[in-house]
Amino acid sequence: MAEPRSPVSASVPHNPMVLPTPEGSSLEMDPMEYTLRKRLPRKLPKRRNDVYVNMKTDFKAQLARCQKLLDTHREICIHGLGLAINRAINIALQLQTSSQGALQLAANTSTVELIDDLEPEDPDEAGEPLTRTRNNSAIHIKVFYPNP
Amino acid sequence: MFMPGRELHDNTQSACTASIQPSKLNPTNLTGSPNKPMQEGFRKVCSTGEPIPCPIPGLASEVLEMRVKEGSKIRNLLGFAMSRFQGDGDAAPTSQVLFSGTGRAVTKTITCAEIMKRKVRGLHQVSKLQYRTVTEVWESQESGPVQMTIHRTLPSICILLSKEPLDQQEPGYQPPVETLSEESKWADEPHGNRKPEKRPPSPCSHDLPSLKRAALEQDSFGTSSKMLI
């Protein structure tokens, strides 16, 4: 059983420099350096009327895209994860405002599990690549014209 | 007295009125970007949000209201909400809790509700979105008694969690998380006996330090990804 810690303690004698481990820190972080590489969120199903909001695309472009989708669909679904939650809400509320109340919103929340990879910085040292999972909040807003 | 409000572009969704006691203020001071009055030596004195009527119909009167702010600690919020929910001490347990947050506190509000749902199984949920007007008062630091009031429209969220069933036709309703389907999913796995470790009784995987770390990592995402190239 390759315990992730054992190769690290073996590598310490090679390194004369005392690694500055913070006293009393209960983190299970190894003193070795790792690169944190984030995997993309799990791929989600995508219909024609699904919009995944991100923080890289221009806000106005994403708003316009939703507006255009609403011309052809009676309902669209706007998804936002983490920091993009705010933007997703903003888009949905702006759509509702500009429709003069014709559109309704129905918001649902969820938790998305994300995976990080920890890769050893130095390939010579026999560090094990680690993975860590964490959670992030997400929002799913249905924007729709209510049935008459 | 002059009204600088009409000079401001309205796409920022904020209106601005200034009350000036001595009339020696240079009007060009206020025509700049209304979002960053800080650059012109203004300091935020206070910000008050108008009280919003709760948008969820059919609320019990004894609902526990949790107003989540940007700096609120999730552990404090949830510690209080959980103790009231379980009803330790003299008070009768509440059956409904309402989390509300505005602007940058929206994400934290959702996270609170999500953790709560995992700690207490079988909660019904209704979420509502709306704009909320927040009034900020900014004060000039140099020229003395000059105040500027900014009305800012921010998105806000209200999440009601209830032990009792809620109206399923209400937009934004979410039924309780089905634990059954999740357990059958784990049972399908070859390591069936690892199930209790995977799903600990206390849902600490969404715990506070890791959340904080996640937020920090998110900030440094751009730089770390650049280093990898």
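Below, chains carry the letters A, B, ... as their sequence lines are ordered, and counting in each starts from 1.
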List the atom of [X], the atom of [Y], and the distance in Å for their closest heavy-atom pair.
X: B:P155; Y: A:L93; answer: CB-CD1, 3.8 Å
X: B:G172; Y: A:A106; answer: N-CB, 3.4 Å
X: A:T109; Y: B:S127; answer: CG2-OG, 4.3 Å
X: A:Q104; Y: B:P171; answer: OE1-CG, 3.6 Å

### Summary
Bottom line for A:I85: the part with an atom under 4.5 Å from chain B's heavy atoms is side chain
### Query
Taking every heavy-atom pair that is under 4.5 Å apart, which of A:S110, A:A138, A:P146 has the most such pairs with chain B?
A:S110
### Message
Given heavy-atom pairs under 4.5 angstrom as the criterion, report whether the side chain, backbone, both or neither of B:I157 touches chain A.
### Response
side chain
### Task
Give a yes or no on this: more than 12 heavy atoms of other residues, nucleotides or ligands lie within 6.0 Å of atom CZ of B:R67.
no
Pairwise distance [atom1]([X]) to [atom2]([Y]) - rounded to 0.5 angstrom:
X: A:L83; Y: B:T107; atom1: CG; atom2: OG1; answer: 6.5 Å
X: A:I139; Y: B:I159; atom1: CD1; atom2: CD1; answer: 7.0 Å
X: A:N108; Y: B:Q125; atom1: CG; atom2: CD; answer: 7.0 Å

#### Entry: pair B:Y131-A:I89: side-chain heavy atoms closer than 4.5 Å
no
### Task
Carefully, step by step, assess B:L129 and A:Q96 under the rule side chain to side chain contact (heavy atoms under 4.5 Å, CB included).
CA-CA 11 Å; B:L129 306 174; A:Q96 192 186 33; over 6 Å; no
### Donor-acceptor side-chain pairing of A:T111 and B:E114 below 3.5 angstrom
yes
